**Student:** 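Sending over a structure as structure tokens; questions will come in a sec.
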Amino acid sequence: MTTPPLLADEFESHRPRLFGLAYRLLGSAQEAEDAVQDAYLRLSGADRAGIEHLGAWLARTVTNLCLNRLTSARARREEYVGQWLPEPVVTSDGSLGPLESAEAREQVSMAMLVLLERLTPTERAVYVLREAFGYGHREIADVLDLSESNCRQLYRRAVGRVAATESRFEPAPERREELVTSFLTAAREGDLTGLEKLLAADVTWWSDGGGKVTAALRPIEGREKVARFAAGASQRFGVGLEYTVVEVNGAIGVASWVGGTLVGIVEFELVDGLVAGVWAVMNPDKLEYVRRQLIRP
């Protein structure tokens, strides 16, 4: 059965929101695309007369598809080589919806998506629907087929388990790019003193190579260790490494290229005028979606 053209067009109008929902639930852009496509296929075979509100029906369908995927994803991530990080997404093109506030950007940051891994699939769904999409507890109960009181309890538990740190001073956009550019220049030149001046004392660097490329298997903590690691990593690639500044997951980041091949996406957390966190995704399997974003005309 094919989807009627008008209904297909209506589905497309919901696709960006559905992708944003699926990505926040899964932490994988490619799996989010698959979940949205599966929802489209289900819509193709559904009785349209029985769908009162298409947006609500699609949100429920995508959420439940993601819950099924999260169960198997958790098992795979337990066997993952090294630190697991989400797949990066360029957000300057609105791929994850409007990110007009610090709170909205925080909800799609690498740091938050990693924190969400602490939650059960159902807790994660309740938290994302509430925090990122503003659903009321009654609406969430309808989506997940739970009682409203149960959703409230799950939400309170999720908030407690995520326990995000309080927001600190975030530099202006032009200062962010200046800080990152200075960081890259110092790393390329092996300027450890210059690097240390840009780093918070408790800075942490996370790397995700997935066993496919060389990467630190554990987080690197502290100003001196991160400075040495950043300088060493930059110099290993030599003169062939090129950088492009991008907005990734709502934060400033860089795309690293060697000979036209995307080899990494790095997101920076900048607080109190210093680099407080670095997330480097180098697993080539996790770069396919963002590569398509960056080379799109």
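Heads up: numbering here begins at 1 and tracks the sequence. Since this is a predicted model, take the numbers as computed values, not measurements.
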**Student:** Contact between L154 and L146 at the side-chain level, heavy atoms closer than 4.5 Å - yes or no?
**Tutor:**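 Side chain of L154 against side chain of L146, heavy atoms only: contact under 4.5 Å found.
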**Student:** Considering all heavy atoms of both residues, which atom of A280 and which atom of V266 are nearest to each other, and what is their separation?
**Tutor:**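 Of all heavy-atom pairs spanning A280 and V266, the closest is CB-CG2, 4.0 Å.
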**Student:** What orientation do F19 and Y23 show, parallel under 30°, tilted 30 to 60°, or perpendicular over 60°?
**Tutor:**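 Because their plane-to-plane angle is under 30°, the rings of F19 and Y23 count as parallel.
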**Student:** Please name the pair of heavy atoms, one in A186 and one in G194, separated by the smallest distance, quoted to 0.1 Å.
**Tutor:**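 Result for this residue pair: CB-C, 4.3 Å.
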**Student:** Let me see the working for T204 and E221 under side chain to side chain donor-acceptor pair (under 3.5 Å), right down to the final yes or no.
**Tutor:** CA-CA 4 Å; T204 303; E221 301 176 333; 4.5 Å; no
**Student:** Linking I/L/V/M/F/W/Y whenever any side-chain heavy atoms sit under 4.5 Å apart, do L262 and M282 land together?
**Tutor:**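 No; tracing contacts between hydrophobic side chains, which count when under 4.5 Å, never links both residues.
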**Student:** If you define the side chain from C-beta out and look only at heavy atoms, does anything of R228 sit under 4.5 Å from L192?
**Tutor:**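 SC-SC contact between R228 and L192 confirmed.
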**Student:** For the backbone of L85 and the side chain of K286, can you confirm whether one donor and one acceptor N or O come within less than 3.5 Å of each other?
**Tutor:**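 Yes: the side chain of K286 pairs with the backbone of L85.
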**Student:** Would you call V128 and L119 a side-chain contact if the rule is heavy atoms closer than 4.5 Å?
**Tutor:**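 No; the side chains remain at least 4.5 Å from each other.
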**Student:** For T122 and T120, what are the C-alpha separation, side-chain angles and deciding distance, and is it a side chain to side chain donor-acceptor pair (under 3.5 Å)?
**Tutor:** CA-CA 5 Å; T122 306; T120 67; 5.0 Å; no
**Student:** Are the side chain of Q83 and the backbone of W206 linked by a donor-acceptor contact shorter than 3.5 Å?
**Tutor:**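 No: the side chain of Q83 does not pair with the backbone of W206.
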**Student:** Using 4.0 Å as the upper bound for N to carboxylate O, is an ion pair formed by R138 and E148?
**Tutor:**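 Yes, this pair counts.
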**Student:** Would you check if E267 and S109 make a side-chain contact, meaning some heavy-atom pair closer than 4.5 Å?
**Tutor:**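 With C-beta onward as the side chain, the pair touches.
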**Student:** Around atom CD of E224, are there more than 12 heavy atoms of other residues, nucleotides or ligands at under 6.0 Å?
**Tutor:**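 For E224, atom CD is not crowded (no more than 12 foreign heavy atoms under 6.0 Å).
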**Student:** Taking S95 for the side chain and T91 for the main chain, is one N or O donor matched with an acceptor at less than 3.5 Å?
**Tutor:**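 Judged by distance alone, no pair lies under 3.5 Å.
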**Student:** Taking the side chain as C-beta and beyond, is there a heavy-atom pair between I51 and L43 under 4.5 Å?
**Tutor:**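 Touching, per the 4.5 Å side-chain cut-off.
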**Student:** Measuring only between side-chain heavy atoms, which start at C-beta, is M112 closer than 4.5 Å to V162?
**Tutor:**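 Contact flag for M112/V162 side chains = yes.
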**Student:** How about Q107 and Y127: do any of their side-chain heavy atoms sit closer than 4.5 Å?
**Tutor:**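 A side-chain contact under 4.5 Å exists here.
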**Student:** Are S234 and E189 packed together at the side-chain level, in the sense that at least one heavy-atom pair is separated by less than 4.5 angstrom?
**Tutor:**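 No, too far: nothing below the 4.5 Å cut-off.
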**Student:** Less than 4.0 angstrom from a charged side-chain N to a carboxylate O is my criterion; do R292 and E33 meet it?
**Tutor:**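 Between E33 and R292 there is a salt bridge, with a charged N closer than 4.0 Å to a carboxylate O.
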**Student:** Would the distance check show the side chain of R69 and the main-chain N or O of L25 forming a donor-acceptor pair, the cut-off being under 3.5 Å?
**Tutor:**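 Here the side-chain-to-backbone pair does not exist.
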**Student:** May I ask you to check whether Y243 and F183 place their ring centers less than 6.0 Å from one another?
**Tutor:**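 They do not qualify: ring centres at least 6.0 Å apart.
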